[in-house]
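Take a look at the structure set out below.
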Amino acid sequence: MTEDCPIVKCMEKEYLLPDTGKPIQLQPHQREVLNWMFTPTEDGSLKYRTYVYSTPKKEGKTELGGAIAYSYARTYGGDCLSVANDREQAQLRMYDRVLNSMAYAKEKRPQQYRKVIDDDCWEKGYVGSKSEANIIFKDVGQANPGPHQLRFIPTDYAGEAGALNALVVFDELWAYSGESMARLYTELQPIQAIPYSIRVITTYAGFYGESELLWNIYEDVVDPDPQTDEARGQKIPGLEHLPLYEKGPTCVYWSHENLMPWNTPEFIEDARQDPALKTRPGEFARLWENRWSTGASPYLDPKLIDELMERGDQMGLVNNLAPERFTI
């Protein structure tokens with residue numbers, strides 16, 4: 001068995017889940033993906049600058065984003081950001097998961113976690129306080145410039161101009177639209193001059209013509225080439241069983257499967273029959289199969305149309321309006 005990378009080791013040792021009281025335990029596919037993504041190269045650098053972890057709904061993306069952010073801050077340090085559509089969402093998504101983990105740890109493992117949190121930050125009670133916008137960690141001894149902190153920000157791209165971000169986590173990038181979002185995303189791109197400067201995206205699929213930022217990544221790395229029907233990026237050698245692709249400085253995991261133990265076939269079928277989704281197969285596919293959607297519901301399910309056309313062919317029905325039926 002290959003040794004886990006530093007980020008995986010950190011999260012499974014320190015990142016506590018309040019509902020279990022224990023550190024997060026990765027599923028086998030999560031471990032394989034994260035170990036590939038974050039295992040340093042021979043010279044100690046990380047393989048990529050942009051990381052995308054995309055799965056259907058309720059597959060643990062946001063919690064995993066929190067675990068990555070915490071473990072990155074503890075392993076590599078620097079200025080680490082949680083970003084979302086607005087201040088409340090930025091706080092309540094990934095960042096809130098980290099706060100919950102650390103508040104629980106402060107109560108249950110105070111000696112261990114006092115070694116992790118900056119003394120001044122600890123004494124002022126910032127850890128676990130939702131009124132505060134940052135968690136300050138003790139110096140991790142890495143090359144990333146300090147302060148070593150994790151903070152959340154809304155879409156104020158002007159306020160982040162010139163930021164020396166080591167890590168930026170975008171949660172549900174499919175919902176990022178408009179000029180302000182595009183500018184923020186551009187402003188917070190990885191910085192070449194900072195060692196280990198990366199961005200991490202946790203999301204499911206979006207809408208054609210709306211989720212432009214996410215679509216640009218998907219189209220460049222995952223979307224099948226119409227000439228070859230193969231992804232434009234490369235499958236990872238030795239991990240071909242995973243929907244894991246790389247192209248240049250970008251690595252994308254894009255899964256359509258429900259792999260977490262709580263997403264049982266019965267639960268997914270209940271979701272399919274939910275009145276809100278029953279007549280919207282495109283939205284069900286986006287949420288629970290992680291497939292792109294037009295945002296509009298067709299009058300007839302395309303699968304039903306295909307089945308009817310096949311039955312028509314078998315019965316010898318002829319489309320008299322087809323161009324080949326006309327003669328000049």
Determine, step by step, whether Arg114 and Lys106 satisfy the side chain to side chain contact (heavy atoms under 4.5 Å, CB included) criterion, reporting the C-alpha distance in whole Å, the side-chain angles of both residues, the deciding distance to 0.1 Å, and the verdict.
-> CA-CA 8 Å; Arg114 188 155 189 168; Lys106 182 177 181 180; over 6 Å; no
Carboxylate-amine/guanidinium proximity below 4.0 Å for Asp220 and Arg232 =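 Looking at Asp220 and Arg232, the cut-off is not met.
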Look at Arg97 together with Glu63 and state whether they make a salt bridge at an N to O cut-off of under 4.0 Å.
->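 Judged by the 4.0 Å cut-off on N to carboxylate O distance, Arg97 and Glu63 do form a salt bridge.
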Once you round to the nearest 0.5 Å, how far does [atom1] of [X] lie from [atom2] of [Y]?
X      : Y      : atom1 : atom2 : value
Asp313 : Leu308 : CG    : CG    : 11.0 Å
Ile217 : Ser211 : CD1   : OG    : 11.5 Å
Phe284 : Arg291 : CZ    : CZ    : 10.5 Å
Lys22  : Leu17  : NZ    : CG    : 11.0 Å
Phe38  : Lys9   : CZ    : NZ    : 16.0 Å
Leu214 : Thr203 : CG    : OG1   : 5.0 Å

Restricting to non-hydrogen atoms, name the atom on [X] and the atom on [Y] that form the minimum distance, rounded to 0.1 Å.
X      : Y      : answer
Tyr72  : Cys80  : CD2-SG, 3.8 Å
Met11  : Leu26  : SD-CD2, 3.9 Å
Ala69  : Leu150 : CB-CD1, 4.2 Å
Ile194 : Asn165 : CD1-O, 4.1 Å
Tyr48  : Gly248 : CD2-O, 3.8 Å
Ser101 : Leu16  : OG-O, 2.8 Å

Centres of the [X] and [Y] rings: under 6.0 Å?
X      : Y      : result
Tyr51  : Trp36  : no
Tyr218 : Trp254 : yes
Trp215 : Trp292 : yes

Is the number of heavy atoms from other residues, nucleotides or ligands under 6.0 Å of Glu212 CD greater than 12?
->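 Atom CD in Glu212 is not crowded, with 12 or fewer foreign heavy atoms closer than 6.0 Å.
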Are any non-hydrogen side-chain atoms of [X] and [Y] less than 4.5 angstrom apart?
X      : Y      : value
Ile268 : Asp270 : no
Lys138 : Val116 : no
Pro40  : Pro6   : yes
Leu184 : Val83  : yes
Pro243 : Tyr253 : yes
Leu287 : Tyr204 : yes
Trp174 : Arg286 : yes
Gln30  : Leu259 : no

Candidate pair Ile7 and Leu34, rule side chain to side chain contact (heavy atoms under 4.5 Å, CB included), full reasoning | CA-CA 8 Å; Ile7 283 182; Leu34 295 185; 5.9 Å; no
Salt bridge (charged side-chain N to carboxylate O under 4.0 Å, His left out) contacts in which one or both residues fall within residues 189-203, not counting sequence neighbours |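 Output for this query is empty, none listed.
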Could you list all the salt bridge (charged side-chain N to carboxylate O under 4.0 Å, His left out) pairs where at least one residue sits in residues 37-60, not counting sequence neighbours?
->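 Listed once each, the pairs would be none.
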State whether a side-chain donor-acceptor pair under 3.5 Å links [X] with [Y].
X      : Y      : answer
Asn290 : Ser255 : no
Thr202 : Asp171 : yes
Glu257 : His29  : no
Thr75  : Ser71  : no

Decide yes or no on side chain to side chain contact (heavy atoms under 4.5 Å, CB included) for Tyr53 and Leu64, but give the supporting numbers first.
-> CA-CA 9 Å; Tyr53 190 91; Leu64 197 63; 3.6 Å; yes
Would you find a donor on one side and an acceptor on the other, under 3.5 Å apart, between the side chain of [X] and the backbone of [Y]?
X      : Y      : result
Thr264 : Phe267 : yes
Lys61  : Pro56  : yes
Thr50  : Thr250 : no
Asn35  : Arg31  : yes
Glu187 : Tyr185 : no
Glu269 : Glu266 : no
Lys235 : Glu240 : yes
Gln149 : Gly78  : no
Thr41  : Leu46  : no
Glu310 : Glu307 : no

Out of curiosity, does Leu242 fall in the hydrophobic cluster containing Met260 (side-chain heavy atoms, cut-off under 4.5 Å, transitive links)?
->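 No: no chain of side-chain contacts under 4.5 Å links Met260 to Leu242.
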Under 4.5 Å between side-chain heavy atoms, hopping through other hydrophobics if needed: is there a path connecting Met37 to Leu239?
->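 In one cluster: yes.
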Apply the test ring-ring contact (aromatic ring centres under 6.0 Å, His included) to residues Tyr70 and Phe137: give CA-CA distance (whole Å), side-chain angles for both, the deciding distance (0.1 Å), then the verdict.
-> CA-CA 10 Å; Tyr70 171 86; Phe137 295 90; 5.8 Å; yes
Kindly indicate, with the supporting measurements, whether the criterion side chain to side chain contact (heavy atoms under 4.5 Å, CB included) is fulfilled by Gln234 and Lys247.
-> CA-CA 6 Å; Gln234 300 295 318; Lys247 186 177 181 181; over 6 Å; no
